[in-house]
Amino acid sequence: MTTVNAELVVLPPGGSLSLNELYNGQIQTTTVYCDTDYHHERTSFSIRQESSSYQVLMNNDIAETCYFFSSALNTVKKLKAHMNEWDIEPARCGIKQEGNHYLIMIDRNAAETVYFFDAATKTLQELRDAGICR
């Protein structure tokens with residue numbers, strides 16, 4: 001019986017990883033290299049508030065403009081639905097207080113403006129549940 005413990009390792013271009021394996025009672029070292037020219041384009045999604053509407057961004061291009069935040073969120077879910085999770089670049093999300101209101105940020109985009117912190121945390125959780133944010 002063989003037991004294998006594995007974990008996902010992301011190698012940057014030009015990076016390498018050495019593995020020690022036990023083979024026929026001896027330790028064998030294997031080195032895995034990632035080509036410096038390797039570049040896999042991952043798809044990014046974001047929502048940007050623009051006046052009274054919301055723009056759904058896919059790879060920083062406007063995919064759709066919606067009049068409700070929930071509609072924009074549903075659009076992102078539809079766009080992601082048939083994609084492999086490895087092909088999607090997770091965004092960084094957060095809450096930023098500005099004066100007497102709160103901005104929900106996706107990377108550098110203000111996705112939504114709310115006036116109560118509880119509403120901001122609810123939106124942040126929705127973005128995480130939708131797989132847009134880490």
Side-chain angles (χ1 to χ4, degrees):
M1 177 188 238
T2 304
T3 303
V4 177
N5 292 325
E7 64 179 278
L8 176 70
V9 177
V10 178
L11 282 179
S16 65
L17 176 72
S18 293
L19 307 167
N20 291 324
E21 300 175 281
L22 191 60
Y23 183 74
N24 287 338
Q26 302 221 344
I27 293 178
Q28 178 179 335
T29 302
T30 304
T31 303
V32 180
Y33 296 94
C34 183
D35 195 318
T36 53
D37 295 330
Y38 177 79
H39 181 71
H40 176 63
E41 194 66 43
R42 298 176 82 190
T43 302
S44 64
F45 293 99
S46 187
I47 297 170
R48 177 171 62 201
Q49 187 172 5
E50 199 64 39
S51 184
S52 61
S53 62
Y54 302 90
Q55 295 173 341
V56 177
L57 305 179
M58 186 174 181
N59 291 332
N60 294 319
D61 295 319
I62 299 169
E64 189 183 35
T65 301
C66 304
Y67 290 100
F68 299 101
F69 182 82
S70 58
S71 301
L73 192 56
N74 284 334
T75 294
V76 174
K77 288 177 185 177
K78 286 177 189 172
L79 290 170
K80 287 179 70 235
H82 302 293
M83 291 185 70
N84 186 327
E85 286 300 314
W86 299 112
D87 294 330
I88 298 170
E89 183 70 44
R92 293 177 184 263
C93 294
I95 298 170
K96 179 179 172 184
Q97 185 174 3
E98 199 167 90
N100 65 343
H101 57 271
Y102 301 90
L103 301 176
I104 290 85
M105 305 296 291
I106 302 177
D107 290 330
R108 292 181 184 90
N109 298 315
E112 189 182 32
T113 303
V114 293
Y115 290 96
F116 298 101
F117 187 76
D118 287 351
T121 58
K122 181 177 179 281
T123 297
L124 197 59
Q125 189 59 51
E126 287 175 341
L127 292 171
R128 287 192 178 129
D129 292 344
I132 297 170
C133 303
R134 293 175 217 194

Review point. Can you tell if the side chain of Q125 reaches within under 4.5 Å of the side chain of K122, non-hydrogen atoms only?
Key: no

Point to revise | By side chain to side chain contact (heavy atoms under 4.5 Å, CB included) - contacts of T30 (at least two apart) | key: E21, Q28

Check your understanding: In the single-linkage hydrophobic clustering (I, L, V, M, F, W, Y; side-chain heavy atoms under 4.5 Å), do I132 and M105 co-cluster?
Key -> no

Practice item. With rounding to the nearest 0.5 Å, note down the distance linking CD1 in I104 to CD in Q49. Key: 8.5 Å

Exercise for review: Determine which pairs satisfy disulfide (SG to SG under 2.5 Å) with at least one residue from residues 85-123, sequence neighbours left out, and list them in order.
Suggested key: C93-C133

Point to revise | Distance in Å, L124 CG paired with E112 CD, rounded so as to fall on 0.5 Å steps | key: 11.0 Å

Review point. Can you check whether W86's main-chain N or O pairs, donor with acceptor, with N84's side chain at less than 3.5 Å?
Key: yes

Exercise for review: First locate atom CG of L57, then atom CD1 of I106, and finally report the distance between them rounded to the nearest 0.5 Å.
Suggested key: 8.5 Å

Point to revise | Residues which pass side chain to side chain contact (heavy atoms under 4.5 Å, CB included) with R92, listed by chain and number, not counting sequence neighbours | key: D107, R134

Practice item. Keeping the roles fixed (side chain from D87, backbone from R42), state whether a donor-acceptor pair exists under 3.5 Å. Key: no

Check your understanding: Hey, are the side chains of I62 and R48 touching, using non-hydrogen atoms and a 4.5 Å cut-off?
Key -> yes

Check your understanding: If you look only at pairs with a residue in residues 101-134, which of them pass as a ring pair (Phe, Tyr, Trp, His ring centres under 6.0 Å), with sequence neighbours excluded?
Key -> H101-Y115, Y102-F117

Check your understanding: Does N24 have any side chain to side chain contact (heavy atoms under 4.5 Å, CB included) partners at least two apart in sequence or in another chain, and if so, which?
Key -> none

Review point. Would I88 end up clustered with V56 when hydrophobic side chains under 4.5 Å apart are linked, directly or stepwise?
Key: yes

Check your understanding: What closest approach, in Å, do T65 and Q55 show between heavy atoms, and which atom pair accounts for it?
Key -> OG1-CG, 4.1 Å

Practice item. Return yes when atom CD of Q26 has more than 12 non-hydrogen atoms of other residues, nucleotides or ligands closer than 6.0 Å, and no otherwise. Key: no

Point to revise | Any donor-acceptor N/O pair, K96 side chain to A110 backbone, under 3.5 Å | key: no

Review point. What do you reckon, is CD1 of I27 surrounded by more than 12 foreign heavy atoms closer than 6.0 Å?
Key: no

Can you list, pair by pair, the side-chain donor-acceptor contacts under 3.5 Å of residues 67-78, counting residues two or more places apart and other chains?
{"unit_1": "N74", "atom_1": "ND2", "unit_2": "S70", "atom_2": "O", "d": "3.4"}
{"unit_1": "T75", "atom_1": "OG1", "unit_2": "E64", "atom_2": "OE1", "d": "2.5"}
{"unit_1": "T75", "atom_1": "OG1", "unit_2": "S71", "atom_2": "O", "d": "3.1"}

